[in-house]
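Side chains included, hydrogens not; waters and symmetry mates left out as well; all remaining heavy atoms used.
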Amino acid sequence: MAQDRPIDTMRSCIEACYACAAACDNCSTACLQEGDVKMMARCIALDMDCAQLCRTAAALMARGSEFAKAVCAVCADVCQACGDECGKHPMDHCQQCAAACRRCAEECRRMAA
């Protein structure tokens with residue numbers, strides 16, 4: 001559980017979560033500027049879900065919450081889904097978001113284990 005782990009062991013995951021949230025915020029905003037916004041709807045929705053969940057996971061880890069491990073497990077799943085969706089689109093903002101999501105999913109899986 002998160003409360004059993006010192007903050008230093010969670011730092012990498014917390015940083016990955018905040019970086020992913022920022023990448024998702026950037027991606028969703030950029031997707032809204034694309035010519036075919038309707039085509040980007042799932043990407044935008046996943047970006048918003050992922051950013052929110054990443055911030056929540058980071059906050060729970062920082063507080064040593066007993067629920068951090070469970071939230072990290074869900075966060076990893078959402079990050080994976082978001083990364084998979086963003087990875088389908090050739091735009092730089094989507095590709096950068098996909099990379100941040102994959103890194104965060106990996107870190108969150110480690111924390112959830």
Side-chain angles (χ1 to χ4, degrees):
M1 297 204 130
Q3 71 266 26
D4 298 335
R5 298 179 186 193
I7 190 76
D8 288 341
T9 63
M10 292 182 272
R11 190 169 317 280
S12 179
C13 189
I14 291 169
E15 290 172 359
C17 282
Y18 281 129
C20 186
C24 287
D25 285 341
N26 179 64
C27 187
S28 63
T29 300
C31 284
L32 288 169
Q33 303 305 313
E34 294 295 335
D36 188 358
V37 175
K38 209 170 203 174
M39 182 187 81
M40 304 306 294
R42 184 161 192 267
C43 187
I44 295 165
L46 283 169
D47 283 337
M48 292 189 303
D49 287 349
C50 191
Q52 184 63 52
L53 195 50
C54 285
R55 286 187 186 94
T56 300
L60 267 63
M61 284 184 280
R63 291 194 301 262
S65 171
E66 65 185 284
F67 300 106
K69 185 175 177 177
V71 170
C72 282
V74 174
C75 190
D77 291 344
V78 174
C79 285
Q80 186 66 52
C82 189
D84 290 349
E85 179 63 27
C86 285
K88 295 176 184 177
H89 305 288
M91 295 76 87
D92 285 344
H93 59 86
C94 283
Q95 292 301 310
Q96 290 167 4
C97 187
C101 286
R102 290 181 189 119
R103 178 173 178 263
C104 191
E106 183 179 313
E107 290 286 343
C108 282
R109 279 191 200 96
R110 198 171 299 130
M111 282 303 303

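- Contact record, Asp47 with Cys82: OD1-SG, 3.3 Å, taken as the closest heavy-atom pair.
- Cys43 is listed as a side-chain neighbour of His89, based on a closest heavy-atom distance under 4.5 Å.
- Taken to the nearest 0.5 Å, the SG atom of Cys75 stands 10.0 Å off from the CZ atom of Arg109.
- Among residues two or more places apart in sequence or in another chain, the side-chain contact (heavy atoms from CB on, under 4.5 Å) test is passed with Glu34 by Met40, Met91, His93.
- With hydrophobic clusters built from ILVMFWY side chains whose heavy atoms lie under 4.5 angstrom apart, Leu53 shares a cluster with Phe67.
- The heavy-atom pair separating Arg103 from Glu15 by the smallest distance is NH1-C, 4.5 Å.
- Contacts classified as salt bridge (Lys or Arg N to Asp or Glu O under 4.0 Å) and involving residues 79-94 (residues at least two apart or in different chains) are given here: Arg42-Glu85, Glu85-Lys88.
- Hydrophobic clustering (side-chain heavy atoms under 4.5 Å, transitive across Ile, Leu, Val, Met, Phe, Trp, Tyr) groups Met48 together with Val37.
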For a quick test of your reading: what N or O donor-acceptor pairs under 3.5 Å do the side chains of residues 17-29 make, sequence neighbours left out?
from, atom 1, to, atom 2, distance (Å)
Asp25, OD2, Arg55, NH2, 2.2
Ser28, OG, Cys24, O, 3.3
Ser28, OG, Asp25, O, 3.1
Thr29, OG1, Asp25, O, 3.0

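- Among all heavy-atom pairs drawn from Leu46 and Ala81, the shortest one is CD1-O, 3.8 Å.
- Nearest heavy-atom pair across Gln95 and Gly87 is NE2-O, 3.3 Å.
- Under the 4.5 Å side-chain heavy-atom criterion for ILVMFWY residues, no single connected hydrophobic cluster contains both Val78 and Ile44.
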Worked check of side-chain contact (heavy atoms from CB on, under 4.5 Å) between Cys79 and Cys54: CA-CA 8 Å; Cys79 285; Cys54 285; 3.6 Å; yes

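- A salt bridge does not link Arg102 to Glu106: none of the charged side-chain nitrogens sits closer than 4.0 Å to a carboxylate oxygen.
- Between Cys97 and Cys101 the shortest side-chain heavy-atom distance falls below 4.5 Å.
- Contact record, Met111 with Lys69: O-CG, 4.0 Å, taken as the closest heavy-atom pair.
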